[in-house]
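Proteins come first, then strands; the chains are lettered A, B, ... in the order of their sequence lines, and each starts at number 1.
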Amino acid sequence: MSNRLSECYDVSGWWPAGSEWEVMVGAILVQQTTWESVEKVLGSLKERGAMEVGAMASLPLEELQEVVRPAGFYRQKASRIKGLAIYIVQAHASDPRQLLEGDEDDRRKELLAQPGIGEETADAILLFAGRRPRFIAAAYVRRLLDRLGILSSEDYGEVQRFMEAELPRDAELYVQLYALMVHHARTVCRSRPRCQACSLRDRCRFTEIVGRTDFR
DNA sequence: ACCCAGGTGGCCC
DNA sequence: GGGCCACATGGG
């Protein structure tokens, strides 16, 4: 399948991760911060050989906090990551993939029951680690849809249902479109002070592209 | 010195 | 269900 979005920005290599567990850790780390900060933390975790569920579950909290610090909210994030590791060790035989297999709605509820995993983080894990077709209705996505005059809603579930109703239920398409929307909002709009997605003025190419080819 | 960043959870009404 | 707030570091 081809659409014109893919011809505008290259988002291949989005959310690079060596494992399901790395996606889960990254999904918690990236909350309210930049991917650049997350990369630092993931890098130090790998250096310490802690990028594995069992190792993470037994890593002293104080040590984990120091590693997580650059990503902000480090006390919360460290506890939540360690808590998730312990949960997977105890409830899923140390296999993160068990959290992604089987009934999708059940797995989502299970993820949502974990401290630190809200709707967006749960969907990021399901989509990027499990390749389940859950569209991530992130703040950037909601803002962009609003500014484009496509849908104005702050309700996560409503925006998600809208996107999933508009698009084929295809995980790879969701990955690409989500990455493009966030990339656009973060990078392209930032370099265009009057881009519609950011300032409600002027037009940028993204407006026409999304309106014409990726929505019915 | 601000403002923002790929949210979540707790508390209040 | 909404509105407000703490959580925290790092870069523009």
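Comparing C/dG11, B/dG7, B/dA5 by their nearest atom to the side chain of A/Thr33 picks out B/dA5. When distances run from any side-chain atom of A/Thr121 to the nucleotides B/dA5, B/dG7, B/dG9, the shortest one goes to B/dG7.
At a cut-off of 3.5 Å, with distance as the only test, a side-chain donor of A/Glu110 or A/His92 sits close to an acceptor on the other residue.
In this structure, OH of A/Tyr178 is placed 11 Å from C1' of B/dG7, rounded to the nearest angstrom. Rounding to whole angstrom units, CG of residue A/Asp155 and C1' of C/dG1 are separated by 10 Å. One atom, CD1 of A/Ile28, and another, P of B/dT8, lie 10 Å apart when rounded to the nearest Å. Computed from coordinates, the A/Lys77 NZ to C/dG10 C1' distance equals 11 Å when rounded to whole Å. Put simply, CG on A/Leu112 is 9 Å from P on B/dT8, counting in whole angstrom units. Separating the CD atom of A/Glu158 from the P atom of C/dG2 is a distance of 10 Å, rounded to the nearest angstrom. Taking atom CD on A/Gln160 and atom C1' on B/dG7, their separation rounds to 15 Å, with Å as the unit. Rounded to an integer number of Å, the gap from A/Arg75 CZ to B/dG9 P is 18 Å.
Taking the P atoms as reference points, B/dA1 lies 22 Å from C/dA8, given to the whole Å. Going from the P atom of C/dG10 to that of B/dT8 covers 22 Å, rounded to whole Å.
In this structure, A/Glu120 reaches the sugar-phosphate backbone alone: every heavy-atom distance under 4.0 Å involves primed, P, OP1 or OP2 atoms, never a base. Within the nucleic acid shown, A/Phe73 comes within 4.0 Å of at least one base atom, counting heavy atoms only. A/Gln114 comes within 4.0 angstrom of sugar-phosphate atoms only, judged by non-hydrogen atoms across all strands, and of no base. Among the atoms of the strands shown, none is found under 4.0 Å from any heavy atom of A/Glu36. Note on A/Ile117: only backbone sugar-phosphate atoms sit closer than 4.0 angstrom, heavy atoms only; bases stay farther off.
Closest heavy-atom contact between A/Ser153 and A/Glu158: OG-OE1, 2.8 Å.
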Please evaluate residues A/Arg132 and A/Asp123 with respect to the criterion salt bridge (charged side-chain N to carboxylate O under 4.0 Å, His left out), reporting the C-alpha separation (whole Å), side-chain torsions for both, the decisive distance (0.1 Å), and the verdict.
CA-CA 8 Å; A/Arg132 300 300 189 104; A/Asp123 288 330; over 6 Å; no
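At the phosphate of B/dA5, OP1 or OP2 sits under 4.0 Å from a side-chain N or O atom of A/Arg143.
Remark: A/Asp105 engages A/Arg134 in a salt bridge, criterion side-chain N to carboxylate O under 4.0 Å.
Judged purely by atom type and a 3.5 angstrom limit, A/Ser58 uses its side chain to pair as donor or acceptor with the backbone of A/Gly54.
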